[in-house]
Amino acid sequence: MPIIWAMCSSTCYARLSDGHPQVANKVIHRTVGQRIKPVPSSAPGVCEPPVERVRVQVVVATPAYSGLDRSLTYDSVQPLAPGTLVQVPLGRRQVLGIVWGACTPGDTDPGAPDPAGNESDAANGQARSTPMTTLRTVEDAWTDLPPLDERWRALVGFAARYYQRAPGEIALAALPPALRTGPAARWRRQLQRLMSRPVTPDPPATVAPSLTDAQRAALAAIEASDRPLLLFGATGSGKTEVYLQATARLLARDPLAQALILVPEINLTPQLQERFRQRFGEAVVTLHSGLTPVQRLQHWLAAHMGRARVVLGTRMAIFASLPRLRLIVVDEEHDPSYKSQEGARYSARDLAIYRAHLGQADGCRVVLGSATPSLESWQAAALGRYQRVDMTERMGAAPWPRLRLIDMRLQPRGTALAPALLHAIAARVARGEQALVLLNRRGYAPVIGCGHCGWKSGCPHCSAYLVFHKSERLLRCHHCGHRTPVPAACPDCGDPDLQPLGQGTQQLQERLEAELVTLRRPDGTPVRIGRLDADAVRASGALERTLQAVHHGEIDVLVGTQMIAKGHDFRRITLVASVNTDGALFASDWRAPERLFTLLMQASGRAGRDAAFVSERGSTVELWVQTAHPNHPLFAALARHDYPAFAAEELQQRRRAGMPPFSHQALLRAEARQLPVALQWLQQASEATADLPGRPHVTLYAPVPMALTRVAGVERAQLLLESPHRPALQALLAAWMPRLHALRASPAGRGLLRWAIDVDPLQF
DNA sequence: AGCACGCCGACT
DNA sequence: GTCGGCGTGCTC
């Protein structure tokens, strides 16, 4: 006992004398465990006397607001190359870290400023002079794995600086979770198994289809250009074949080169994945959140070791370790899912540009492809920063769908589906054609209400309505997950007359089933209505089953949210309809028109993919849109499938209003139990910018509650910053961060739950 | 973020 | 008299 006492901290001693045996025992065990355990070392023999002790800078997964946002200094018994994975003690835990700077001699004067060549540390070098004697030791180093290369670290460093996060947070989040959490032994086995596998066979010799002139021109431009390439190609114009052949030619030219293909959501584009597999076989790996931990580790390792030649993945794949990366493709570059909405809010598309820039000396190219590019990219091409290549011709497809606008002002109030549209759908189904019906609301009805007193089904935790899900007989909150049985009577007045208000995909499906129940297909079989939304695809395999059923013609009408507009190549669809369009047209979000145009273009691209099928039965291809604003200029451009015209119009408005891409924005978000706390903190944060660099060029707006103020019992508010000058905004944000940390810790931050900065926000 | 400590309310 | 809530603070 006396020995233990001597090693205990003073608090522990005090506890013992307090006479709380249980508490004291807990403390003793922990303290003793920590102090007595000999420090394991990867080179036990050289531990004493220290031979080549060095200090290393290590980043670990600590978020920016933890205060530990810079690299940590550890003692090491051997020099470690930057990029080496290490296991280090942090508090009572052992965590995975990455060596981030060059090693420095271990015998430096403890008080001397950190001599590591780490600029961020040098800039914030105050109070970093941890005395040598207290330095803890690197526990283990994965020296059998090649270190993460300099370019990768530069990418992570840039992302950290630009998005105002800790390098360690971004770096560690980019590694497969199994590496971070799994036991080292299992990880080593994986690595060895992978190393012992035979080398990836060369891609199968497939016959690539011959290219159109436009495709050949695009291919040539990819190889010749020293700028990012914006591939402006209509749906069905053969963009994918350009990606495939650009990749094939690269791999043939350089036997070690790697290509990175980014897609918005891999589950929704099984056909793209299949084509890459067919063309490149084993040389392709995927990287996305749907993989099992072991798969993700294997695929990541394959990329890191250079065994995978092609990585096909979602936004997270932008951080894959690819030592011989020579080509990056961002397919559907306008898609908002490239912008991360939690954690470090990075844009994979923007980082792709930077990553290609980092690899430019080695001839790394980047291609952004879209039929409806983001206005940011469109403007960059107009300014010559990107090179634009057009592919306007649709291959093998029928003429563009004709736009049919249904003026909802002329329909009886509350009409969900205009009779004319219903007839059109029925006519097509009777001819053996298919229809796609878009409705961006899942569930049966977005809200239920009391016809007597006006009560509506609000969520108790959120400032949102509970959505009525008829099949489950539940009211569900789509924001916090709250679920409750549908009440038999109004909770306020007891009236049993509760009505579903508005229409969701479930109701639309039910409605169409009822309306078309007597209808028969050409072969005499009854009509089938399918549904595709987040609820319908929750069950595993449901998505694939439904997609297959549409392909095989078992489903005649597919109702769904925007996910039905993406990527699928359905051959027999001749009619696409948007049922509830106006919500997006006049939303408070100023990017809503852009998203609507993109969605409707994308959706109409699903129709008439097979020209022969359409002409065989003398049919036409149509896009039906129900709207109360048929004269909106957006529809004029849509009728002509004229993205350039739409972009020109929208850019002109943006320029006048000083909106992106003519300005750059950042949001400071704050969350608190009480709204005033969040608002007041933002106000103080705003005032704390007065003397910051860049301030004269930055506009700060008043703190406001978010559009959806309360989610899961937390009130959210935000402060918008805007500047025509990106460096000014960046300088302000960087200088602001330490003050925000201080403000959080001060009395002003009392009651604040969280805060975060979102650079280039997409959602407000 | 984890993970600890510490100080207050309901139970064996 | 203990179990357990989450508020505050620290981690090279």
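Labels below follow one simple rule: chain letters A, B, ... track the order of the sequence lines, proteins then strands, and each chain is numbered from 1. Values in this document were obtained by computation on a predicted structure and should not be read as measured data.
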Novice: Check the distance between dC10(C)'s P and L72(A)'s CG and give it to me in whole angstrom.
Specialist: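 In whole Å, dC10(C) P lies 16 Å from L72(A) CG.
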Novice: What residue pairs, at least two apart or across chains, pass salt bridge (charged side-chain N to carboxylate O under 4.0 Å, His left out) with a residue in residues 312-322 of chain A?
Specialist: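 Qualifying pairs: R315(A)-E342(A).
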Novice: Within this structure, what is the CZ-to-C1' distance between R92(A) and dC5(B), rounded to whole angstrom?
Specialist: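 Those two atoms, CZ and C1', are 10 Å apart.
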Novice: Taking the side chain of R93(A) as heavy atoms from C-beta outward, which of dG2(B), dC5(B), dC12(C) is closest to it?
Specialist: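 Of dG2(B), dC5(B), dC12(C), dG2(B) is nearest to the side chain of R93(A).
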Novice: Quick one: list whatever passes salt bridge (charged side-chain N to carboxylate O under 4.0 Å, His left out) with R750(A), sequence neighbours left out.
Specialist: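 For R750(A), no residue satisfies salt bridge (charged side-chain N to carboxylate O under 4.0 Å, His left out) once neighbours in sequence are set aside.
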Novice: Could you pull out all residues at least two apart from R296(A) that satisfy salt bridge (charged side-chain N to carboxylate O under 4.0 Å, His left out)?
Specialist: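 Partners of R296(A) by the salt bridge (charged side-chain N to carboxylate O under 4.0 Å, His left out) criterion come out as none, since no residue qualifies.
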Novice: Going by the rule ring-ring contact (aromatic ring centres under 6.0 Å, His included), which residues pair with Y338(A) if we only count those two or more places apart in sequence or in a different chain?
Specialist: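 ring-ring contact (aromatic ring centres under 6.0 Å, His included) list for Y338(A), sorted by chain: empty.
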Novice: Enumerate all atom pairs, one protein N or O and one N or O from nucleotides 5-8 of chain C, separated by less than 3.5 Å.
Specialist:
unit_1	atom_1	unit_2	atom_2	d
dT8(C)	OP1	R750(A)	NH1	3.2

Novice: With sequence neighbours excluded, tell me which residues meet side-chain contact (heavy atoms from CB on, under 4.5 Å) with H304(A).
Specialist: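 Per chain and number, H304(A) pairs via side-chain contact (heavy atoms from CB on, under 4.5 Å) with L145(A), P146(A), L148(A), W300(A), S321(A).
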